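Values in this document were obtained by computation on a predicted structure and should not be read as measured data.
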Amino acid sequence: MTLGKPEVCTDLDVASTSTSVMKKLPEVTLAFWIMKIAATTLGETAGDLFAQTLKLGYFLTTVALFLIFVVTLVVQLRSRRYNPFFYWTVILSTSMAGTTMSDFMNRDASAKYLSGGATSLGWGPQGLGLGYPAGAAILISILLVIFLAWKVSGMTFQIRDIVTFRGEALFWSAILVSNTLGTSMGDFLSDSSGLGYAGGALLVIGVLAVLVALMKVPVVPNVLLFWIAFVLTRPLGATAGDFLTKPVAKGGLDLGTAGSSAVLLAVLFGLMTYAHVQERRAPGPRSAEREHVTRRAE
């Protein structure tokens, strides 16, 4: 800054500094979507690992995974700023819980949903048997109620601008329900549509490509496209997870839920580590404040 020209700290500067200090959610980039698909695919394989392979059943697994979601959410909400490990752990827990919540709502204990050689599916009620259309209708209704409450509250839908506890609570409620809805959509494509695992995944990829193209259309709000894409990446993860784990006779690769989950967990952990390193390298709010003070002193 030159002498004789005092610097003026504008309201925009204050707002920018405040947002940087309070940032709790990530920027939506290509890396964000890669991690989202990895997390949702792992959520599918891990949910099936506990419910079917380990024979805990949909009900008991849903209770356990929902409690894990609550614990991870509390850690995220208590964090003072964005931490990739905290954020993506909650995404993963919503994906796992969403998998078994969807299965519990839509399926029953019929033999086609049991792992090889199993005669029962664990303790407790084994499924409400609502079916995919009814289950999806219920979940869509709940999601619309959340978005309506969000709209009425006046809070922003732009996730990079969500900086309050109430905004985060609405955001994570929508995430949990959208991941459950996405699981139902993925299972419908894989099991009931006749497309199979690979065909269902290709269909979702095609729809996502259309959404990317619509980003160039000014009249279509990007916030709307984001939430549609967020829901659709869940069935992509569900079909990809089924493709990895289901028997070859059913169109899968038969890699098993345990092996697939271990590989996906390693991939996701590597991506989280990379995101954490990038976040540490980025100029934080304290360095921005020091730079601001330095400029004023010049």
Just distance, no hydrogens or angles: give the donor-acceptor pairs under 3.5 Å from side chains in residues 209-229, sequence neighbours left out.
none

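- In this structure a side-chain-to-backbone donor-acceptor pair under 3.5 Å is missing from Ser260 to Thr257.
- In this pair, Phe32 and Tyr87 present their aromatic rings tilted. The plane angle is within the 30 to 60° band.
- Side-chain contact check for Thr89 and Thr72: no donor-acceptor pair (N or O, by modelled atom type) lies under 3.5 Å.
- To the nearest 0.5 Å, atom CE of residue Met272 and atom CG of residue Leu265 are 7.0 Å apart.
- When every heavy atom of Leu143 is checked against every heavy atom of Ala174, the shortest pair comes out as CD1-O, 3.7 Å.
- Using modelled atom types, no side-chain atom of Thr233 and backbone atom of Ile37 make a donor-acceptor pair closer than 3.5 Å.
- By the 4.5 Å heavy-atom criterion applied to side chains, Leu236 and Ile205 are counted as neighbours.
- Classified by interplanar angle (parallel below 30°, tilted 30° to 60°, perpendicular above 60°), the ring pair Phe188/Tyr132 is perpendicular.
- Between Phe171 and Phe230, the angle of the ring planes goes over 60°, which puts this pair in the perpendicular group of the 30/60° scheme.
- Heavy-atom minimum distance, Ser184 versus Ser102: OG-OG, 2.8 Å.
- Closest heavy-atom contact between Leu92 and Ala39: CD1-O, 3.6 Å.
- For the atom pair CD1 (Ile91) and CD (Gln76), the distance works out to 9.0 Å, reported to the nearest 0.5 Å.
- Phe104 contributes atom CZ, which lies 9.0 Å from atom CG of Leu130 (distance to the nearest 0.5 angstrom).
- Asn83 and Ser79 form no side-chain donor-acceptor contact under 3.5 Å, judged by distance and modelled atom types alone.
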Decide yes or no on side-chain contact (heavy atoms from CB on, under 4.5 Å) for Ile162 and Glu168, but give the supporting numbers first.
-> CA-CA 7 Å; Ile162 296 175; Glu168 269 203 281; 4.2 Å; yes
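- The main-chain N or O of Phe269 is never found under 3.5 Å from a side-chain atom of Trp88 such that the two would form a donor-acceptor pair.
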